[in-house]
Novice: 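Please find one structure pasted underneath; my questions will follow.
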Amino acid sequence: MDKLSPTIENYLSLMYVLERDKEPVIGVRLAQLLSVTPPTVTNTLKRMVRDGLITMDKDGTRLTKAGKQSARTVVRRHMLTEWMMARILPWSKLHQEAHHLEHAISAEVETALFEEMGHPQTCPHGNPLPGAEDAVSAWIPVTETSPNDVVVIKRIHELAEYNLELLVFLEGKGLVTGAEVMVREVLPFNQTVTLEIHGQIVTLGFASAQHLFVELRT
Ligand SMILES: [Zn+2]
Ligand SMILES: [Zn+2]
């Protein structure tokens, strides 16, 4: 297959994540996450159907076998690029910067990075490299924890990586992968979770908190 454009690669990686998590792949959602207009999404999706990357019918939009294969490569290169820059950039900036660079990563560089980084199973935000989904399956959203649970933050979901403001906020509070946190309150009626980190109290709405996956410290 010909080299895909960065735009197409971005659509592929997002659709891969949505499909993996069995979330609906709909135009409005793509438009919102990719910061483009719905008509732009429609045009791009038409090109992707023409190029055999996706199918669209009444049941929705799906990656073809070829589309999925390309998507896995893009996601993998994206995550390895994040690791490459983890030594020089703040954690909150990695995703955005990797999005610019990932399209230029060759198979050779991809392999070299994977070796150099020690065969990582996840990206610096804890999201699984394609094929390594089992490595993250035991982690639960912090919204499903209970008061007084001591937890370690393991993963900030890919969809939250698209939200730079949220990442900067989390990083500013120390709520990054590897951080140990005490759960103070989980209030479903109020849609809030209150956490304590380094003696500081942080309250998150469920919309953000559902993207934080943790491991219980026993
Ligand atoms: Zn990312
Ligand atoms: Zn990441």
Side-chain angles (χ1 to χ4, degrees), residues 4-21 23 25 29-36 63 67-68 70-106 109-142 152-179 204 207-215:
L4 300 166
S5 73
T7 301
I8 300 292
E9 291 194 343
N10 291 342
Y11 275 67
L12 284 173
S13 52
L14 180 53
M15 291 167 88
Y16 174 83
V17 167
L18 293 171
E19 221 175 84
R20 182 200 64 199
D21 292 355
E23 289 209 30
V25 181
R29 191 87 195 281
L30 296 175
Q32 191 187 31
L33 287 161
L34 294 165
S35 307
V36 292
L63 294 168
K68 196 163 179 173
S70 299
R72 287 169 68 96
T73 302
V74 183
V75 170
R76 194 178 151 86
R77 289 179 184 177
H78 169 80
M79 291 178 164
L80 292 170
T81 307
E82 286 187 342
W83 276 119
M84 181 175 75
M85 295 192 296
R87 295 171 186 179
I88 50 171
L89 288 180
W91 178 83
S92 56
K93 297 268 176 67
L94 298 174
H95 173 82
Q96 203 182 45
E97 292 299 329
H99 251 328
H100 298 305
L101 266 186
E102 71 204 30
H103 312 291
I105 300 286
S106 67
V109 172
E110 177 193 322
T111 306
L113 281 174
F114 189 62
E115 292 300 322
E116 171 69 14
M117 303 303 164
H119 300 195
Q121 306 252 287
T122 66
C123 78
H125 308 92
N127 292 304
L129 264 71
E133 290 76 16
D134 284 353
V136 309
S137 58
W139 303 337
I140 58 166
V142 74
V152 177
I153 298 177
K154 302 297 280 186
R155 176 184 186 193
I156 315 295
H157 192 276
E158 284 101 335
L159 297 180
E161 285 191 41
Y162 282 84
N163 188 339
L164 180 63
E165 271 179 305
L166 174 61
L167 292 184
V168 169
F169 174 82
L170 292 175
E171 186 172 40
K173 300 292 182 188
L175 296 170
V176 296
T177 39
L204 294 171
S208 301
Q210 65 178 351
H211 293 304
L212 261 67
F213 289 74
V214 300
E215 187 176 66

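Only this structure's heavy atoms are used, side chains among them; waters, hydrogens and symmetry mates stay out. Here the structure is a predicted model, which is why all the values come from computation and not from measurement. One-based numbering, in listed order, for ligands and for the atoms of each.
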Novice: What is the total of protein N/O/S atoms that are closer to the Zn ion (ligand 1) than 2.8 Å?
Specialist: 4
Novice: Are any side-chain N or O atoms of W83 and backbone N or O atoms of T122, one a donor and one an acceptor, separated by less than 3.5 Å?
Specialist: yes
Novice: Applying salt bridge (Lys or Arg N to Asp or Glu O under 4.0 Å) as the test, list every pair that has at least one member in residues 115-135; sequence neighbours left out.
Specialist: R87-E116
Novice: Does H119 have any ring pair (Phe, Tyr, Trp, His ring centres under 6.0 Å) partners at least two apart in sequence or in another chain, and if so, which?
Specialist: F114
Novice: Applying salt bridge (Lys or Arg N to Asp or Glu O under 4.0 Å), which residue pairs with at least one partner in residues 5-19 are found, sequence neighbours left out?
Specialist: K3-E9
Novice: CZ of R20 to CG of L63: how many Å apart, nearest 0.5 Å?
Specialist: 12.5 Å
Novice: Show, in sequence, the C-alpha distance, side-chain angles and deciding distance for H78 and H95, and conclude whether the side chain to side chain donor-acceptor pair (under 3.5 Å) test is met.
Specialist: CA-CA 8 Å; H78 169 80; H95 173 82; 3.0 Å; yes
